[in-house]
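Here's the structure we're looking at; comments come further down.
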Amino acid sequence: MQLRELREYAEHRGLTIVGDYIDRMTGSKDSRPSLNRLMADAGQRKFDAVLVWKLDRFGRSLRHLVNALAELEAMGLTFISLRDNLDLSTPSGRLMFQIIGAMAEFERSLIQERVKAGLRNAKAKGRRLGRPSANVDKSKVEALRASGASWRAVAEKLGVGVGTAHRISQRRSKNVCGSFGTDVEEVLHA
């Protein structure tokens, strides 16, 4: 049904159909094989316009839709959504795009606000935020490095990331510089 309506519209407007890009998936994935191919072909200027049956068939989220439309606009391509009566080659279509963009920005702000409020609430309840600390013995890291193992090999052996292994090896002693376990005041006043 969608293809028939799109073909009728293209014929009515005198548009030549270069290809059909059809993803038969459900859900909210931004990355879909045919959509990826369409965007790649758009970048190569294989066509001048993108015609979709409805906006939600093209962009699965407001953020994705706005980003994809902005990308097409930057390439100088026309975007037409048949059922939503949206044609970005017209002044009213560009106005609608600006409104959609403003709504996407508003949605992003609301999400950021909710995330920050959730983090504040978790912190107030005494929850520890972030990743749990990696408990790896510094001597194990140093022994593996001394045996000639690469940072990647050390990390894999200990089950941590490369950055974590490197950071552990760089960790300094908890002793105050120069104190060697003596009272800090004695060192400072000596």
Side-chain angles (χ1 to χ4, degrees), residues 23-36 38-39 52 54-74 79 81 83-84 86 88 93-146 149-190:
D23 281 310
R24 300 187 191 283
M25 348 172 49
T26 59
S28 62
K29 292 185 184 249
D30 289 347
S31 179
R32 303 184 310 265
S34 291
L35 177 62
N36 295 344
L38 177 134
M39 295 306 281
V52 299
K54 201 162 171 25
L55 280 174
D56 64 359
R57 306 284 34 143
F58 180 73
R60 299 297 169 102
S61 70
L62 189 54
R63 177 191 51 80
H64 175 257
L65 176 65
V66 169
N67 290 342
L69 291 179
E71 195 174 332
L72 291 173
E73 185 180 44
F79 181 85
S81 174
R83 284 288 174 188
D84 298 306
L86 176 66
L88 294 185
R94 286 190 295 277
L95 172 66
M96 281 303 297
F97 175 65
Q98 295 298 323
I99 292 169
I100 290 169
M103 292 301 291
E105 187 175 331
F106 176 67
E107 180 185 40
R108 278 192 301 272
S109 296
L110 286 178
I111 290 168
Q112 286 174 345
E113 235 175 67
R114 282 189 222 118
V115 167
K116 287 177 184 175
L119 290 172
R120 280 192 307 269
N121 185 39
K123 207 172 186 180
K125 289 181 177 179
R127 290 198 185 120
R128 189 161 183 267
L129 303 176
R131 291 175 112 180
S133 298
N135 293 323
V136 177
D137 186 10
K138 181 179 177 179
S139 62
K140 288 181 183 177
V141 174
E142 290 172 347
L144 287 167
R145 284 295 289 164
S150 68
W151 284 112
R152 183 175 304 279
V154 170
E156 286 175 8
K157 176 84 173 161
L158 299 175
V160 296
V162 175
T164 302
H166 192 262
R167 214 172 14 261
I168 289 168
S169 78
Q170 299 298 315
R171 233 182 247 159
R172 294 205 159 82
S173 158
K174 292 185 181 180
N175 292 334
V176 176
C177 184
S179 69
F180 301 105
T182 59
D183 190 24
V184 175
E185 284 187 38
E186 287 178 23
V187 174
L188 293 176
H189 293 299

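Hydrogens, waters and symmetry mates are skipped; everything else that's a heavy atom, side chains included, is used.
Note that CG of L158 and CD1 of I168 are 7.5 Å apart. Values are rounded to the nearest 0.5 Å. Interatomic distance, CG of D84 versus CG of L55, reported as 4.0 Å (0.5 Å rounding). Rounding to the nearest 0.5 Å places CG of N36 at 8.0 Å from CG of D23. Interatomic distance, R94 CZ to L88 CG, rounded to the nearest 0.5 Å: 8.5 Å. Separating the CE atom in M39 from the CG atom in L35 is a distance of 6.5 Å, to the nearest 0.5 Å. How far CG of L86 is from CG of L95: 10.0 Å, rounded to the nearest 0.5 Å.
When all heavy atoms of S169 and K138 are compared, the closest pair comes out as O-CE, 3.5 Å.
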Criterion side-chain contact (heavy atoms from CB on, under 4.5 Å) on L144 and W151, from CA distance to verdict: CA-CA 9 Å; L144 287 167; W151 284 112; over 6 Å; no
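Remark: R128 pairs with S133 by the side-chain contact (heavy atoms from CB on, under 4.5 Å) rule, at least two apart or across chains.
Proximity of a side-chain donor or acceptor of R145 to a complementary backbone N or O of A149 within less than 3.5 Å is detected.
The number of heavy-atom neighbours closer than 6.0 Å to CD of E105, taken from other residues, nucleotides and ligands shown, is 12 or below. Counting non-hydrogen atoms of other residues, nucleotides and ligands closer than 6.0 Å to CZ of R152 gives a total of 12 or fewer.
Between F79 and F58, the ring-plane angle classifies as tilted under the 30° and 60° cut-offs.
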